Amino acid sequence: MNGGRNVWAISPEERDKHDKQFDTLSPATGFVSGEQARKFFLQSGLPSSVLAEIWALADMNKDGKMDRLEFSIAMKLIKLKLQGTPLPSSLPIIMKQPPVPAPSSTGMGSMPNLSMMPGAIAMLTPIPMTSNFATMTPNLSSMTPNLSSMTPNLSSMTPNLSTMIPNLSPMAPVTGLTPMVPMATGMVPLVATSTMPLSNSSSTSSLAGSSPKTAPSDWAVPQASRLKYRQQFNSLDKHMTGYLTGPQVRNAMATTLLTQTQLATIWTLADVDKDGKLRGEEFILAMHLVDMAKTAQPLPLTLPIELIPPSQRRQALQDTQRREEERRQQKEREERERREREAREQEERRRKEEERRLERQRELERQKEEERALCVCVSTCRQLEEYQRKLSQLTPEQQRLSDKLRNMALNNLPVSTMSTLKRSASEKDGVCRKLKQQLDALENETAAKLADMDQYQNDIQVRTFNILGQLDHRKSAALTSFRALYPFTARNQDELSFEADELIEVDESTEREQGWLYGCRQGKMGWFPESYVERQAKPETPAVINATPAATTTAVATTAVYATVNSAFTPTHAPHHAPLDQIQVAGSLQAQALCSWTAKTESHLNFSKDDVIWVLEQQDSWWLGELNGAQGWFPKTYNVSEVMFCVVQSEYVALYTYESPEPGDLTFREGDVILVTQREGEWWSGGIGDRTGVFPSNYVKPKETDTSSNSGKSGQPGKKPEIAQVSTTYTATGTEQLSLAPGQLILILSKNPTGWWLGELQARGKKRQKGWFPASHVKMLGSNSVCQVIAMYDYKAANEDEMSFSKGQLISVFDKNDPDWWKGEVNGVTGLFPTNYVKMTTADTDPSQQWCADLNSLDSMSPQERKRQGYIHELLQTEERYVEDLQIVMEVFHKPMSESGRLTEAEMAMIFVNWKELIACNTKLLKALRVRKKTGGENMPVQVIGDILASELAHLQPYIRFCSCQLNGAALLQSRTDNQQDFKDFLKKIATDYRCKGMPLSSFLLKPMQRITRYPLHIKNILESTQEDHADRRPLREALERAEELCSQVNEGVREKENSDRLEWIQSHVQCEGVTENLVFNSLTNCLGPRKLLHSGKVYKIKSNKELWAFLFNDFLLLTHAAKQFSSSGPDKLFSTKNNTQLKMYKPPVFLNEVLVKLPDPSSEEPFFHISHIDRVYSLKTENINERTAWVQKIKAASEDFLETDKKKREKAYQARSLKASGIGRLLVTILEATELKSCKSNGKSNPYCEVTMGAQIYTSRTLSDTVNPKWNFNCQFNIRDLYQDVLCITIFERDQFSPDDFLGRTEVPVATIKKELENKGPATRRLLLHEVPTGEVWVRLDLQLFQNRASK
């Protein structure tokens, strides 16, 4: 300190001023009471909590009153606190001493802890001075043992000190000896000396000479401590063993008053060789660590090299190197195995891809060959038709000329005329003969090509006909049709695969196992479970069905030709049976003919225009129908562009209620039966009774025919069996239970409401097992059920389309399109229910199979990683559906409501608040997620996602305003709906849009709040499935903190409704002209969370007495003035809804991290205070002292919070960068410049800065003003930990003052990509395109340096 005054020292001038102030308080018997002092101290403007802390320090004897010394100490502490000095934890000793004059620059001022004055001795620690040092022995007992060696030197100093006693005043304290402090050369005592005519050098040497001289050492334990604790060690080692056991050391450390945790840490650090004993050097180290803990120094996590005893450093270094070598070898081995595994997987994928490519190529060649043959045939037919048409035109002309020639001969026409007519007739005859020859040749060619096509089709279907022939010649010769209820996948070559609703032909005479059938589908034959199908009723088969196979061989070709052109050459045979998967039983379908058609064979059906035909069976181009008791086949279409008939009647059942205000629409209720007359696109035509119109096709489903009499076992009415597939393993705990393995099929026999079902295992070749099992381990098969969930709470339906259920019930889910409201069934009741009332069963909680169809990729991952990728996929999917719902609200509800004029603009704003801002921020989040997914490749795992979530969740501030204002909007909507029937009908009408799925507007308005609460759940699921050493774990933790913080901010915003209402009032009543940035008061601040109004009121300028209205927020102070004078008796009247006063900004907002509040004089009775902001000072006054105190205290508190938040943010970034370098290499990045960034200001400019991250490592560039082409040229360095997981992320922001920084683009580069591009090439400059924004790119210079001993090539 070079002899400077201590900051806590009280000068004589200050003591005199304090005494005068003490006298003004009228002390009684030399003391002032606590009440007198409190009133005086409150004038300083400090908070009461701070003043209470100052009182506790100054009231040394704790008697509740103050004398002059205590009062002076309190005033000194108040002054230091106002200057920004933190209060001490305990009162400094120097404040208890008499006043200390200002230091002198002469004498021994350069020596520490010596305060010298001319002609006097230094003011040192007071002890009585004696003629000898015998009486000082008790005071020296606490010193180290080395003090005894200093006795001669101290004794020699006694005469010099004793000769100075007469010069001292009776009150002057004399310091004989002060405690010793460790220095570089040993223990140097702080001894007071007088101002003798000695130079500084001589004084210093004399002091240094009194300390023991020791040779410097590289051990961080001071020499004095070594000697002291070596003696203590020797005294404890009574048996001279050379070490101390645990009990011996515990007894020695019991007197240190440290906690058990600290002592355990010290033992662990000091026991370097881990032998459970402390040798001499280890004991010295332990006691040195005790000294560190006593002085509040943090203990190191691991022992640094400078604290390790020199005799044990070599072994410690060897152990460290050995562990590091083992770790490196293990990592290299794992890396080598991983590369080999990836190479094998890549080779396998390449081989399979090549096989698929060759198969696709062969299939394309077959299709092209068929198309060429068909095109040639069609072209030939068209030419033949054209020749026929010309021939039919020339034949009448020839007949006419012959008749004319004959008539002319009869009438004796001139010879010339006759010759002319003969020549003309002969020419026409020649032309006809040529055409006839061409026609014959074309017919022959056509017949040959048709024969070739028949042969080609026969070759393709030879296997099918052979199998059908085998089936036809079986003993029973009777095949039974079965319809598939569920999809079945063959598990070996003997089984048959099929999809739901497909028809299968079965010969029941075949010998078979119980529960299994042998059938044929599309030419393939195999076994399948009997419980997967149901028997079909046998329709009356027309004669054409029994045609011989030979008669059906050309049906495919002729049908295809006939369906394409209107030809004179009709098929000569009836169409054969289509493949079984193409046959559709029409049921009650009727068709009305638009034109007549004549049968070409006996198996065809004749009909005339407008005839109504009952359709019995549908194939691709031919239908089987019945008319007037006759059955036959007829073509579905007569020409490519000519429709042959129209469907006149087909029964459908309404799935939902449909209401529409448009004329021509058909309205109906759920469950109504509709006769469909026309099906084109998404809108169909139909009728109910005498009402007809159009309606959306997705609101109806085909009416099911009653087949109960034909299903099930023979002689019994059939019931659709329930089949479940095992999803998770279950081990039976008793003989009455079933043990389950994934993939097994179970026939459900009975269900218990407790969640246990009775079933029968379906396994061919094994004995059927029946038993009980938990329903949560299986998943029902069927086309409707999506999954099953378990109710966590009781729920009572609030609307007609909802359903009620009790806690613990199992619910079958049919529709999961809406992430917040699902459709399901429980106990036969179907309806909507909220998703946050249920939880997924064990079978559905693992989404690992949902995100990737490549089984090889899944097999190469651990179960934990598969589950993690599934949760990431789930987050992305639900985000996409949520953004779609937000857009539906704008299109279906907002636009019609706005155009109808039923609500004012203010009412629309109250209901929808800032819906467009929600769409913007969630669309930005969704784009970022899609870019990250695209970077890794479709159906490929996403390595890191936490950084995007952490970054984007910080920009969801519009939700705070929406959720805090949504209650008012919901109340307004409910009030209008209850009181205005026409408004209620209007909302009900627009809600019939098929995209709403029957949900009203009120349900959509709840989705933002529900979505916000789901982000922590999604992130927590991903985090729990992420390994501890994964690069994404730290960003995910940060994202989870952001999500939970956002939820708490939203909840706080809802709770603080008054604060939100006042911010909205300020938004509508304060004109923020002159601010370059759009200022939204009810939103997030830049770094302090949601904006809060801390204080408001009226203040005045001191000089002009101008009236101002001040608003103190948690991030800035806003001074305004009224456009016209008005009176206000308090803040409640100021924020009244009836107050229409408009305020204008007086000065730009004053940010609280740049202000300093000052009081002119704490003792002043005037309510003045000053606010210093950079180069401007605002001198203000209030109406009274109390109001001034409130303003000063709240501004100071808010400013301290702002500064502390900034400090923590900087420290966090610094700590992430200052971690010790570790990993396999480093990446040097230079951000050169960015070009064509998006402009955020009205002048077309921005204030951009760049943030470069890799996991938790983060660097931020400086902010450049008013440019869209910034040139930063700043460097940063990242430690590479995992070559295949680390991703370099570069994000550009617009620096905002009043809200979180705007996003200007992001680009990402995996480190693996950088290695591939820069390998053996050295540093390189790259141009990277910014994603998620319409324009912008950034230029970077990359230099990847891998450590040779840690990273393999």
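The structure displayed is predicted, hence computed values, not measured ones. The first residue in the sequence is number 1, and the count goes up from there.
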Side chains of N922 and E879: any donor to acceptor distance under 3.5 Å? yes
Without swapping roles, check the side chain of E1107 against the backbone of Y1100 for a donor-acceptor pair under 3.5 Å. no
Could you tell me the separation between the CG atom of L929 and the NZ atom of K924, rounded to the nearest 0.5 Å? 10.5 Å
Is the distance between the ring centroids of F1116 and F1113 under 6.0 Å? yes
Could you check whether any side-chain N or O of N914 sits under 3.5 Å from a backbone N or O of P958, counting only pairs where one atom can act as donor and the other as acceptor? yes
Which value, rounded to the nearest 0.5 Å, describes the distance between I10 atom CD1 and M95 atom CE? 4.5 Å
State, to 0.1 Å, how close Q1067 and F1081 come at their nearest heavy-atom pair, and which atoms those are. OE1-N, 2.8 Å
Salt bridge flag under 4.0 Å for residues E952 and R1306: yes
Between CD on residue E1294 and OG1 on residue T1263, distance to nearest 0.5 Å: 9.0 Å
Close side-chain approach of I1012 and L1046, heavy atoms under 4.5 Å: yes
Taking the side chain as every heavy atom from C-beta outward, state whether L1084 and Q1049 have any pair of such atoms under 4.5 Å apart. yes
Under the criterion side chain to side chain donor-acceptor pair (under 3.5 Å), which of E14, H18, Q21 is the partner of S72? H18
Checking side-chain contact (heavy atoms from CB on, under 4.5 Å) between L46 and each of V1192, L82, L77, which is the one that passes? L82
Would you find more than 12 non-hydrogen atoms of other residues, nucleotides or ligands less than 6.0 Å from K81 atom NZ? yes
Checking T1253 side chain against G1255 main chain: does a donor-acceptor pair fall under 3.5 Å? no
Is a side-chain donor or acceptor of S1261 paired with a backbone partner of C1250 at a separation under 3.5 angstrom? yes
Do the non-hydrogen side-chain atoms of P1167 and I1185 ever get within less than 4.5 Å of each other? yes
Q297 and T295: side chain donor to acceptor below 3.5 Å: yes
Donor-acceptor contact present, side-chain S1199 to main-chain K1196, <3.5 Å: no
Does Y1249 have R1295 sitting over its ring (NZ/CZ under 6.0 Å from centre, angle to axis within 45°)? yes
Looking at C921 and H955, what are the two nearest heavy atoms and their distance? CB-O, 3.9 Å
Do N1247 and D1266 pass the side chain to side chain contact (heavy atoms under 4.5 Å, CB included) test, and can you show the C-alpha distance, the side-chain angles, and the key distance before you say yes or no? CA-CA 5 Å; N1247 297 333; D1266 294 331; 3.8 Å; yes
Look only at the side chain of N1086 and the backbone of S1299, and say whether a donor-acceptor pair between them is shorter than 3.5 Å. yes
Do I945 and L1036 have side-chain heavy atoms sitting under 4.5 Å apart? yes
Can a salt bridge be assigned to the pair R961 and E1064 using a cut-off of 4.0 Å between side-chain N and carboxylate O? yes
Please name the pair of heavy atoms, one in P1270 and one in P1248, separated by the smallest distance, quoted to 0.1 Å. CG-CG, 3.7 Å
Main-chain N/O of Q1297 paired with D1115 side-chain donor or acceptor, under 3.5 Å: no
Before giving the answer on side chain to side chain contact (heavy atoms under 4.5 Å, CB included), spell out for N1105 and K1181 the whole-Å C-alpha distance, their side-chain angles and the decisive distance to 0.1 Å. CA-CA 9 Å; N1105 206 33; K1181 68 177 181 178; 3.2 Å; yes
Determine whether I1290 and I1231 satisfy the following criterion, side chain to side chain contact (heavy atoms under 4.5 Å, CB included), listing intermediate values before the conclusion. CA-CA 9 Å; I1290 303 173; I1231 307 298; 3.9 Å; yes
For the atom pair NZ (K1158) and CD (Q83), what is the distance rounded to the nearest 0.5 Å? 10.5 Å
Closest contact, heavy atoms only, N1114 versus L1094: CA-CD1, 3.8 Å
Please tell me if the side chains of L1237 and I1292 come closer than 4.5 Å, counting only heavy atoms from C-beta onward. yes
Output yes when a side-chain donor or acceptor of Y1259 lies under 3.5 Å from a complementary backbone atom of N1275, and no otherwise. no
Can you classify the ring geometry of H1095 versus W1191 as parallel (below 30°), tilted (30 to 60°) or perpendicular (above 60°)? perpendicular
Please confirm whether F1151 and F1202 have ring centers closer than 6.0 angstrom. no
Verify side chain to side chain contact (heavy atoms under 4.5 Å, CB included) between K1103 and S1179, making sure each step is shown before the conclusion. CA-CA 8 Å; K1103 292 183 178 180; S1179 299; over 6 Å; no
Separation between NZ (K927) and CD1 (I948), nearest 0.5 Å, reads 14.0 Å
Residue pair C1047 / P1016: nearest heavy atoms and the distance that separates them: SG-CG, 3.6 Å
In the structure I gave you, are the side-chain heavy atoms of C965 and N1082 within less than 4.5 Å of one another anywhere? yes
Carefully, step by step, assess R1042 and E1038 under the rule salt bridge (Lys or Arg N to Asp or Glu O under 4.0 Å). CA-CA 6 Å; R1042 294 277 177 88; E1038 183 180 356; 3.2 Å; yes
If you take all heavy atoms of C1276 and F1278, which pair is closest and at what distance? SG-CE1, 3.7 Å
Can you tell me how far apart OG (S49) and CD (Q1193) are? Round to the nearest 0.5 Å. 8.5 Å
With a 4.5 Å heavy-atom cut-off, do R1176 and K1147 have their side chains touching? yes
Cation-pi between R1011 and Y1015: NZ/CZ under 6.0 Å from ring centre and within 45° of the ring axis? yes
Ring centre gap for Y1178 and F1169 strictly below 6.0 Å: no
Do V944 and C1289 touch side chain to side chain, with heavy atoms closer than 4.5 Å? no
Strictly distance-based, threshold 3.5 Å: is any side-chain N or O of R38 a donor or acceptor partner for the main-chain N or O of L51? no
Answer yes or no: is there a donor N or O on one side and an acceptor on the other, between the side chain of R1188 and the main chain of E1166, under 3.5 Å? yes
